[in-house]
Participant: 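Please find one structure pasted underneath; my questions will follow.
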Amino acid sequence: MERLVNFTEYRELIKEVKASGNKVFSNIYSLPAEMKEYIKAERMYYEKCAAGVIFYLDEGKYYKVYLCVDEQKEMKILPKEKKLLIKNVYNKCQSIQTENLLEHSLLKNGFYKAGVVLQVRAECSVVMKKSSKIDKFVRMMNRNGYYCISADQSMQKEIEALIDHDSIIQDYHIEYRTEEEKYKDIEQGLFLCIVDKQKEICAASIATIQNGIAEGVAIAVREEYKMNGFAPVLTYERCKRLYDQGVYFINGWILENNDASIKYHKSMGYQFTGHCADEWILEKTK
Amino acid sequence: METSKKIELLEDMFEVEAGTLTPDMNLCDIDEWDSMASLSLILLLDEQFGKEINGEDIKKLSTIQDILNMMN
């Protein structure tokens, strides 16, 4: 793998693949500005193969793979020292011909489909309409010694550990943030948690803001506090605080087979966008 | 409180039409049974019946009758 030096080099590599005139498959959904950021942060790598170029974005615990390949040629991806994730986003109504070609090629390279995720989006103001019930619940929760608070810097590691240990959230669901970015996220109130009287964390939620939209929202609740109503409280509080900061939408992905999460998001006012994504994984080298 | 009145309260809580719920219904068969409903149930039992329940109690519930029993 070679590290991408600048955006011009990235553009040239893509141009080269497209020059053949054949149909090109790509799962590059990032905006040029985002790509420039990744390159600047020295997180973008690439490899050429007969079919085109494979880009690797270092996400800390895994590489997110972006393909720009000739559909008619054989693609070769070898395992790396970190897990590889290919997220192929498509519309449910779209033709599946390309997806079948990709699937065949990925299986041949040793990838397996770890899951299918559905894209959801909520307007903060819609979630906030649940206020009368949740406000009452929060008062009751407070009476019982539980409080929803913005985390401080000292809570960062514990919150991350709670999210890491969640059985549904996989390491490749969390996008990389530098320590500096996390510091800023916490300062901005993007790390929320519910604590008990002893300030023990019972549930937590993290999020980032990208292009004015909240993304990558993850909620984890300690096993003994599940079904306690803490997840809706965190979602509601998140929306209230985002709205106050001028952020009006939340985007997220939920697993297609996670019925509880689907029900929960629907009841909180989330809408399905019609987009879904296959998550393809290639395990790291042994 | 009569059972019919309790069921009315639950229908209101689940935001389903009157006459939808019966005591023998399994909670897992009710689309509206989710985290938000669980929050609403905790609130309902606290406000109307003075009963404090938690997630552990909720995990043990399997039918509408189990909830009705808590409303005594």
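All values below come from the heavy atoms of this structure, side chains included, with hydrogens, waters and symmetry mates left out. Labels below follow one simple rule: chain letters A, B, ... track the order of the sequence lines, proteins then strands, and each chain is numbered from 1.
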Participant: By the definition side chain to side chain donor-acceptor pair (under 3.5 Å), identify the one residue from A:Lys130, A:Lys133, A:Lys136 that meets it with B:Ser40.
Facilitator: A:Lys133
Participant: With a 4.5 angstrom heavy-atom cut-off, which part of A:Asn144 approaches chain B: side chain, backbone, both or neither?
Facilitator: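 A:Asn144 touches chain B through side-chain heavy atoms alone.
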Participant: Count the heavy atoms of every other residue, nucleotide or ligand shown that sit under 6.0 Å from CD of B:Glu52, and state whether that count exceeds 12.
Facilitator: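 Count not over threshold, so no.
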Participant: Roughly how far, to the nearest 0.5 Å, is OH of A:Tyr146 from CG of B:Asn54?
Facilitator: 8.0 Å
Participant: Within this structure, what is the OG-CG distance for the pair B:Ser35 and A:Leu234, rounded to the nearest 0.5 Å?
Facilitator: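 Separation between the atoms: 11.0 Å.
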Participant: Return yes when atom NZ of A:Lys113 has more than 12 non-hydrogen atoms of other residues, nucleotides or ligands closer than 6.0 Å, and no otherwise.
Facilitator: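 Yes, the 6.0 Å shell around NZ holds more than 12 heavy atoms from other groups.
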Participant: Can you confirm whether A:Glu179 is buried at CD, in the sense that more than 12 heavy atoms of other residues, nucleotides or ligands lie under 6.0 Å from that atom?
Facilitator: yes
Participant: Closest approach of B:Trp33 and A:Lys263, non-hydrogen atoms and distance?
Facilitator: O-NZ, 3.3 Å
Participant: Keeping to residues at least two apart or across chains, list the side-chain hydrogen bond (donor to acceptor under 3.5 Å, both in side chains) pairs with something in residues 11-22 of chain B.
Facilitator: B:Thr22-B:Asp24
Participant: Kindly compute the distance separating CG (B:Asp31) from CD1 (A:Ile262), expressed to the nearest 0.5 Å.
Facilitator: 11.5 Å
Participant: Heavy-atom cut-off 4.5 Å, strictly under: side chain, backbone, both or neither for A:Met141 against chain B?
Facilitator: neither
Participant: Quick one: CD on A:Glu224 to NZ on B:Lys59, what's the gap to the nearest 0.5 Å?
Facilitator: 8.0 Å
Participant: Within this structure, what is the OG-CZ distance for the pair B:Ser38 and A:Phe137, rounded to the nearest 0.5 Å?
Facilitator: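 The OG atom of B:Ser38 sits 7.0 Å away from the CZ atom of A:Phe137.
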Participant: Of all of B:Asp34, B:Asp46, B:Ile53, which one pairs up most often with chain A through heavy atoms under 4.5 Å apart?
Facilitator: B:Asp34
Participant: Taking all non-hydrogen atoms of both residues into account, name the closest pair between A:Gly229 and B:Leu39 and its distance.
Facilitator: O-CD1, 3.5 Å
Participant: Around A:Tyr112, counting heavy atoms of other residues, nucleotides and ligands shown, do more than 12 lie under 6.0 Å from its OH?
Facilitator: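 Atom OH in A:Tyr112 is crowded, with more than 12 foreign heavy atoms closer than 6.0 Å.
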Participant: Are A:Met140 and B:Ile42 side-chain neighbours, meaning at least one heavy-atom pair lies under 4.5 Å?
Facilitator: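 A side-chain contact exists here, since the closest heavy-atom pair is under 4.5 Å.
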Participant: Does any heavy atom of chain A fall under 4.5 Å from the side chain of B:Ile58, the backbone, both, or neither of them?
Facilitator: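 Contact with chain A is through the side chain of B:Ile58 alone.
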Participant: A quick test of your reading: do over 12 heavy atoms of other residues, nucleotides or ligands sit less than 6.0 Å from NZ of A:Lys83?
Facilitator: yes
Participant: Around A:Tyr243, counting heavy atoms of other residues, nucleotides and ligands shown, do more than 12 lie under 6.0 Å from its OH?
Facilitator: no
Participant: Taking atom NZ as the centre, does A:Lys87 end up with more than 12 heavy-atom neighbours from other residues, nucleotides or ligands that are less than 6.0 angstrom away?
Facilitator: yes
Participant: Considering residues, nucleotides and ligands other than A:Gln271, do more than 12 of their heavy atoms fall under 6.0 Å from its CD?
Facilitator: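 No - once you tally the heavy atoms of other residues, nucleotides and ligands closer than 6.0 Å, there are 12 at most.
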Participant: Of all the heavy-atom pairs spanning A:Ile134 and B:Met36, show the shortest one and how long it is.
Facilitator: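 Taking every non-hydrogen atom into account, CG1-CE, 3.7 Å.
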Participant: Under 4.5 Å heavy-atom distance to chain B, tell me which part of A:Arg143 shows up: side chain, backbone, both or neither.
Facilitator: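 The side chain, not the backbone.
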